[in-house]
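Just below is one structure, and these are the notes that go with it.
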Amino acid sequence: MSNEAQTYVATLAVGDITAKYVLSRLADRADERFSCFPSVALLAAEAEKSERVIQRALKRLREMKLISDKERTRPDKSTTSSRYFLHGPWDRYAGTGVPFPTITTPKQKRAEQWAEPPREGSFREGTAAAEALAGKTAPSAPPASAPGPDPQHAQAADAPAPARAHGADQGGAAAPAAKGPSPKKPKERVRMNREQAAAMAAVEAAWPAELAGLLPKYRPDVIRDTVLDALAHGRTADQLVARVQRRWSTHGYADALLAHDGKGIGSPVGVAVALVRPPAECPDPMCEDGVLLPLESACVKCEQRRLDHRADRRNRQVPGPREDRRPRGWTCENPECRKPGRGEAPADGLCGECRQEVQASAARLSEELAADEAERQRAADAASWSQVLEDAHAEHQEREEEIRANAERERLREAEAAESLRIREKLLREHPELAQYAQA
């Protein structure tokens with residue numbers, strides 16, 4: 001039983017009540033791999049439907065990419081119930097990274113309706129409704145003061161205060177004010193509108209598969225705040241997705257996972273924040289990692305800052321003896337790349353980008369070989385099936401010829417018997433004296 005699968009399935013928009021019921025029954029039986037293997041007959045009995053209806057529901061779930069199934073066989077090669085695998089955020093929505101459509105709860109619908117501006121006009125500036133729609137928080141009301149004592153008691157209570165202050169001026173140590181535990185400030189809830197929620201979903205779907213597997217299943221507040229801050233700086237969801245994909249390779253996170261020294265990524269949440277947060281180095285708000293939007297031109301301020309930084313490093317460096325200098329890097333062995341690298345050289349001698357290209361080429365070659373083998377197998381099966389059809393046709397013709405020959409022989413026997421009977425009757429009519437011999 002998987003509570004996570006049940007909770008997620010309840011939020012999906014399937015569009016068919018039978019298919020959603022079947023999906024909920026699969027989620028109720030899901031194991032740690034989010035898989036189960038109930039029979040179609042059992043699902044039909046639980047849903048009080050026919051097996052044909054359950055088969056159509058399973059087909060709809062497969063077309064929506066919500067489930068995948070595998071055929072299972074017994075040791076005697078007979079088939080048994082299939083094994084169903086549920087897809088969701090635990091496997092990045094079947095590897096696509098695109099979330100499945102979900103339902104809109106009444107609470108979300110009310111929130112969306114409240115976020116919409118009133119049809120009859122806007123609220124008066126300064127009212128609570130106007131501040132709520134503008135995203136402002138109303139200041140907390142001061143606590144109601146308790147009824148104080150009469151003026152005489154108040155004067156008597158306030159009288160010792162100057163004496164204590166005078167004693168402190170004369171060198172006496174004033175008693176420190178007693179401090180109790182400060183009350184914990186309640187965490188302020190951040191409610192996103194529809195555009196912000198869509199941008200958040202797009203950014204989360206753009207996480208690389210390696211990073212998505214390391215992030216927690218819940219959404220950390222720091223990631224949400226960073227995405228909202230980037231949107232507030234004038235970036236769109238598509239620009240944030242492009243920023244994440246670009247920084248994953250250019251900032252060296254992909255190489256850190258592929259490194260042979262085992263360093264990897266220490267803080268997945270920190271890496272996610274670094275992939276999304278706005279660049280704090282350049283003061284130009286339209287600068288995107290050294291490129292000005294939307295003209296895609298180089299940022300002059302970033303280039304000048306880079307040159308100044310190099311000049312400062314050259315001024316601070318103290319060159320040592322030439323014989324003590326040793327190469328601390330390596331060069332990619334790909335003759336078309338020759339990109340320099342730092343640290344220990346990898347075993348294959350390739351940089352991260354060249355290694356990914358080699359792996360992609362190997363994967364494409366494997367797919368092509370598998371497709372060729374499948375095509376050859378289909379051709380062989382077609383040839384063998386044609387031979388089987390020819391043999392069956394020849395055998396059918398032989399059987400038909402044999403049947404026709406048997407029918408012809410039977411017809412001849414019947415004709416001979418009829419002719420013999422006719423001749424015997426004719427002889428008896430012409431020679432009745434032979435009747436006694438015929439009877440004998």
Side-chain angles (χ1 to χ4, degrees), residues 7-8 10-13 89 99-151 154 157-158 177-207 215-241 243-244 269-270 272-280 283-286 288 293:
T7 305
Y8 178 69
T11 63
L12 291 178
F100 298 127
T102 57
I103 62 175
T104 302
T105 62
K107 184 177 180 180
Q108 294 174 348
K109 189 174 182 180
R110 289 194 301 268
E112 293 176 359
Q113 292 177 351
W114 173 248
E116 295 178 356
R119 298 179 181 177
E120 63 274 5
S122 58
F123 288 104
R124 187 184 301 276
E125 184 178 359
T127 59
E131 294 181 353
L133 290 177
K136 301 179 181 179
T137 57
S140 58
S145 59
D150 54 32
D158 295 337
K179 293 184 179 180
S182 60
K184 186 176 181 181
K185 185 178 181 181
K187 189 175 181 180
E188 183 181 356
R189 294 185 60 185
V190 177
R191 180 174 297 176
M192 297 183 294
N193 55 29
R194 185 178 302 175
E195 291 76 9
Q196 293 173 342
M200 179 66 67
V203 172
E204 290 178 343
W207 298 135
L215 289 174
K217 295 183 179 179
Y218 64 92
R219 179 189 297 161
D221 295 342
V222 63
I223 297 180
R224 178 203 61 204
D225 298 340
T226 305
V227 173
L228 296 181
D229 186 22
L231 294 175
H233 279 74
R235 296 299 186 265
T236 62
D238 296 338
Q239 291 174 348
L240 293 183
V241 169
R243 176 187 292 179
V244 169
V269 176
V273 172
L275 293 176
V276 181
R277 66 186 176 190
D284 194 338
M286 299 307 296
E288 182 67 22
L293 299 178

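Atoms considered below: every heavy atom in the structure, side chains included; atoms not considered: hydrogens, waters and symmetry mates.
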For L240 and V203 the tightest heavy-atom approach is CB-CG2, 3.9 Å

Taken to the nearest 0.5 Å, the spacing of T236 OG1 from E195 CD works out to 13.0 Å

When rounded to the nearest 0.5 Å, the distance separating CZ of R243 from CZ of R277 is 10.5 Å

In short, A230 meets P278 closest at the heavy-atom pair CA-CG, 3.9 Å

Smallest heavy-atom separation, T7 atom then T11 atom, equals O-CG2, 3.6 Å

A272 meets the side chain to side chain contact (heavy atoms under 4.5 Å, CB included) criterion, sequence neighbours left out, with W207, L211, L215, I223

Scanning both residues in full, the closest heavy-atom pair of A202 with V241 reads O-CG2, 3.7 Å

One should read off an interatomic distance between Q239 CD and L231 CG, to the nearest 0.5 angstrom, of 10.0 Å

Output for pair (Q108 CD, T102 OG1), nearest 0.5 Å, gives 6.5 Å

Sorted by chain and residue number, the side chain to side chain donor-acceptor pair (under 3.5 Å) partners of E204 (sequence neighbours excluded) come out as R219

Rounded to the nearest 0.5 angstrom, the CG-CD1 distance for L12 and I103 is 8.5 Å

With sequence neighbours left out, the residues meeting side chain to side chain donor-acceptor pair (under 3.5 Å) with D238 are none

